[in-house]
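First the structure, in the form of structure tokens, and then the observations on it.
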Amino acid sequence: MQQMRKVFVLFKVFFIFIFIAILDSSPIIGSENLSTPSFISEWGSKGSALGKFIRPIGITVDRFDKIYVTDPENQRIQKFHSDGTFIKTWGKNGKKKGQLNRPMHLCVGHNDKLYVAEYSNDRIQVFDLEGNSLSVFGTKGDGSTELHAPGGVAIDKTGRVFVADFYNHRVQRFTKEYKDLPPIGKKGRFFSGRFDYPTDVVISRDQFLYVADAYNNRIQKFTLEGKFLKKWGGVFGSGLSGKRQGSFSIATAVEVDHYNRVYVVDFGNHRIQVFDDEGHFLLSFGSEGDGPLQFKYPNDITIDSHGYIYVLDSGNHRIQKFSPLPVVTSRRRK
Amino acid sequence: MNLLLIFISIFSNFVMASEYDEPSLFSNEVKIRVSGIVCSFCAYGVERNLSELDFLDKTKFGDDGVLIDIGEQLITIATDSSKKVNFSKVCQAILKGGYEPQKFYLNVSGKIIERDGKILLTDNTSTQTFQLHENEAQKLVGSTVNNLKVIVGLSEIDPLEEGNIVRASLSK
């Protein structure tokens with residue numbers, strides 16, 4: 001009887017395997033008009049001197065098209081012109097205001113303030129665009145105003161703060177005065193609204209929240225009040241890691257352009273995948289390597305006011321700048 | 001084809017640890033070869049977990065005694081020479097962060113002795129005792145070694161055993 005049960009379980013596992021393999025080979029419709037962006041320039045190399053990085057993690061841009069990069073191994077933030085010319089740097093290792101401990105993803109709010117997720121200080125630090133520290137909020141824990149290794153941060157139009165709370169497997173929300181709001185999601189796999197180590201959040205122009213649910217290998221879309229809308233990545237957004245279009249191997253970051261196209265940093269596949277706002281695949285670019293349009297474990301992406309794309313090519317310790325994607329209407333699944 | 005890729009992917013996890021050469025070592029440090037793809041976020045998580053261990057020398061590697069090389073899949077911890085390394089706790093800290101520890105490399109200095117049919121090497125400063133594999137270490141019995149590189153495999157570590165004798169093999 002015991003043996004029969006074992007055989008039955010083995011058969012069950014085998015058929016689930018086959019089922020997944022068949023589903024994973026189902027066609028995904030891409031846009032026939034959307035071409036790969038052109039490489040424009042790159043800057044940065046490995047090191048601690050000004051303008052150099054050691055495995056940078058976060059990149060964002062302000063409305064003046066100035067670029068901000070977190071360099072957690074060097075415990076600093078660096079600011080550049082959009083052509084890569086170095087402007088300034090700030091930060092050093094520590095817990096005090098103005099100091100940093102593993103700064104990760106960052107964003108600029110509508111109020112021209114820079115919000116930085118500090119992984120090892122379990123807090124968000126707010127700077128002006130010149131690097132002066134304005135405030136810090138969050139302490140270590142899993143309570144309502146607490147964070148545990150925040151990975152990413154986003155700000156909505158009204159100034160509310162959304163944090164990818166990595167070790168708490170949730171999106172923590174704060175009012176614009178940094179008071180707590182009910183969080184979104186909890187730890188889990190497969191099901192909607194469950195997270196497995198979320199690393200990044202972004203809010204689109206039309207005010208939807210997208211979460212890089214990194215170890216579920218998927219993106220989840222919510223209203224700002226936390227109502228689940230969509231998920232994609234792997235088969236039916238199940239979160240199974242993969243190399244095919246529409247699948248991810250650790251989705252470490254997410255960004256949305258002016259046309260609400262969603263760019264996903266596919267860390268382990270060394271590429272960027274672009275989707276429409278419903279999660280339909282549009283385009284993939286990048287492959288493993290150290291040449292132009294090649295990446296080694298990319299960690300973040302940002303898009304400036306003209307649509308230029310900046311990919312943080314962490315393993316190559318550099319930033320690559322690409323031409324904007326053309327504006328076309330995406331095709332839907334048949 | 002997809003099934004084949006899945007099987008290859010699973011198999012590659014098993015052979016990943018053998019892709020790399022043995023790392024070079026300094027005194028008072030332990031290097032751990034790990035496998036499993038993790039992002040920078042998890043690497044910093046492993047760093048946080050390891051930095052809480054009380055046998056680390058936190059004056060090194062940026063004040064937490066831990067250095068992680070994601071590309072090489074190698075973790076280095078600076079150890080307090082007066083304390084025993086608790087391999088079980090190191091394993092737990094790494095596993096909790098998402099990596100899978102494969103092998104530990106460290107230097108040991110002391111006298112190699114034979115007792116109850118076992119070949120033992122006790123480190124002079126940490127007093128950690130290693131049981132060396134008989135075939136490799138028989139010829140060294142009675143000698144005093146300085147910075148002898150030993151390798152501790154994951155299968156040699158009992159997660160319930162803390163700080164006792166650890167089985168190890170000699171580096172080639």
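Worth saying up front: this structure is predicted, and the values here are computed from it rather than measured. Order of the sequence lines sets the chain letters (A, B, ...), proteins ahead of strands, with each chain counted from 1.
Of the listed residues (A:Thr252, A:Asn93, A:Ile57), the one with the most heavy-atom contacts under 4.5 Å to chain B is A:Ile57.
Both the backbone and the side chain of A:Tyr119 have a heavy atom closer than 4.5 Å to some heavy atom of chain B. Looking at A:Gln75, neither its backbone nor its side chain comes within 4.5 Å of chain B, counting heavy atoms on both sides.
Ion pairing between A:Asp122 and B:Arg48 holds under the 4.0 Å rule for side-chain N and carboxylate O.
Using a 4.5 Å heavy-atom threshold, the side chains of A:Tyr297 and B:Ser40 count as separate. Looking only at side-chain heavy atoms (C-beta outward), A:His105 and B:Phe41 come within less than 4.5 Å of each other. Contact of the A:Tyr197 side chain with the B:Cys39 side chain is not registered, since no non-hydrogen atoms from C-beta on lie closer than 4.5 Å.
The CD1 atom of B:Ile68 lies 11.0 Å from the CZ atom of A:Arg55; values are rounded to the nearest 0.5 Å.
Of all heavy-atom pairs between B:Asn49 and A:Tyr167, the closest is ND2-OH, 4.5 Å.
In the displayed structure, A:Lys296 atom NZ is contacted under 6.0 Å by at most 12 heavy atoms of other residues, nucleotides or ligands. Surrounding NZ of B:Lys111 are at most 12 heavy atoms belonging to other residues, nucleotides or ligands under 6.0 Å away.
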